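Atom set for the values below is all heavy atoms of this structure, side chains included, hydrogens, waters and symmetry mates excluded. Note that the structure is a prediction, hence the values are computed from the model and not measured.
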Amino acid sequence: MEDYRYKKALLIDDNEIDNFINKKLLLKTRFASDIVEKKSASSALDYLKTTVSAPENIPDVIFLDIMMPVMDGFDFLIEYDLLPDTIKNHSRIIMLSSTESFKDLNRANSNKYVYKFLNKPLTEMVLAAIQ
């Protein structure tokens, strides 16, 4: 496990195909050894709340899709702000978008929890550039 860049990653995307492809890529590139997939922002928040009593399950990296029904990525960030600092201080959020919207880019970059904003699909080169 020590040859993986991160221990745990959380994929939040309503598109099951995107989650499947991203999970395969994260494993293939040894980006993360343990990957949790959630198909909605609310289920991801529920998962993160469970990590308070199990800090070893707090993800090192969260890949967050912007465009999701009911609760989008930006709505997720509002609720994420209410989570305990033990979670927020541990996880890096990388927002993913299939559009090249400067509005979304600026909004993501102005959020203190967003580490990077990337366009879909993830690639090996993009993952290699993440510190």
- Query: Do Met67 and Leu10 sit in the same hydrophobic cluster, where Ile, Leu, Val, Met, Phe, Trp and Tyr count as joined when their side-chain heavy atoms come under 4.5 Å apart?
  - Reply: yes
- Message: Less than 4.0 angstrom from a charged side-chain N to a carboxylate O is my criterion; do Lys120 and Asp65 meet it?
- Response: yes
- OG of Ser98 to CG of Asn119: how many Å apart, nearest 0.5 Å? 8.5 Å
- Query: Is there side-chain contact between Lys38 and Asp46, with heavy atoms separated by less than 4.5 Å?
  - Reply: no
- Side chains of Met95 and Asn111: closer than 4.5 Å at any heavy-atom pair? no
- Within the side chain of Lys8, is there an N or O that forms a donor-acceptor pair under 3.5 Å with the backbone of Val61? no
- Just wondering, do Lys39 and Glu16 contact through their side chains at under 4.5 Å, heavy atoms? yes
- Using a 4.5 Å cut-off on heavy atoms from C-beta on, say whether the side chain of Phe63 contacts that of Asn22. no
- List the atom of Pro69, the atom of Asp14, and the distance in Å for their closest heavy-atom pair. CD-OD2, 3.4 Å
- If Ile, Leu, Val, Met, Phe, Trp and Tyr residues are connected whenever their side-chain heavy atoms lie under 4.5 Å apart, and connections chain through other members, are Ile66 and Met68 in the same group? yes
- Message: Tell me the closest heavy-atom pair linking Thr50 and Tyr47, and the distance in Å.
- Response: OG1-O, 2.5 Å
- Item | Arg5 and Arg30, any side-chain heavy atoms less than 4.5 Å apart | no
- Query: Tell me, do Tyr80 and Ser91 make a side-chain contact under 4.5 Å, heavy atoms counted?
  - Reply: yes
- Is there a path from Leu105 to Ile94 through hydrophobic residues (I, L, V, M, F, W, Y) whose side chains come within less than 4.5 Å of each other? no
- Could you please spell out the steps behind the side chain to side chain contact (heavy atoms under 4.5 Å, CB included) verdict for Ile17 and Phe20? CA-CA 5 Å; Ile17 294 169; Phe20 177 81; 5.5 Å; no
- Query: Just by modelled atom types, is the Lys88 backbone N or O under 3.5 Å from a matching donor or acceptor in the Asp85 side chain?
  - Reply: no
- Message: Could you measure the distance from the CG atom of Leu96 to the CG atom of Leu122? Nearest 0.5 Å is fine.
- Response: 5.0 Å
- Note on the structure: Note: Thr29 and Leu25 closest approach over all heavy atoms is OG1-O, 2.8 Å
- Task: Output the distance between atom CG (Leu45) and atom CD1 (Ile78), rounded to the nearest 0.5 Å.
- Result: 11.0 Å
- Going by heavy atoms in the side chains, are Val36 and Leu11 under 4.5 Å from each other? no
- Query: Is it true that Arg92 and Asp60 have a side-chain N and a carboxylate O under 4.0 angstrom from each other?
  - Reply: no
- Task: Check whether Val114 and Val126 end up in the same hydrophobic cluster, where Ile, Leu, Val, Met, Phe, Trp and Tyr are linked by side-chain heavy atoms less than 4.5 Å apart.
- Result: no
- Taking the side chain as every heavy atom from C-beta outward, state whether Ile87 and Thr51 have any pair of such atoms under 4.5 Å apart. yes
- Item | Joint hydrophobic cluster, Phe102 plus Phe117, side-chain heavy atoms closer than 4.5 Å | yes
- Would you check if the distance from the ring center of Phe31 to the ring center of Tyr4 is below 6.0 Å? no
- Item | Spatial distance of atom CG (Leu48) from atom NE2 (His90) [nearest 0.5 Å] | 11.0 Å
- Item | Gap separating the CG atom of Leu77 from the CD1 atom of Ile62, nearest 0.5 angstrom | 9.0 Å
- Item | Ionic contact status for Glu56 with Lys7, cut-off 4.0 Å | no
- Heavy-atom nearest pair, Ile12 first then Ala44, reads CD1-CB, 3.4 Å
- Item | Over all atoms of both residues, closest heavy-atom pair of Asn19 and Asp13 | ND2-O, 2.9 Å
- What are the two closest heavy atoms between Leu64 and Gly73, and how far apart are they? CD2-O, 3.5 Å
- Task: May I ask you to say whether Arg107 pairs ionically with Asp104, meaning some side-chain N is under 4.0 Å from a carboxylate O?
- Result: no
- Query: Between atom OH of Tyr113 and atom CG of Leu83, what is the distance when rounded to the nearest 0.5 Å?
  - Reply: 8.5 Å
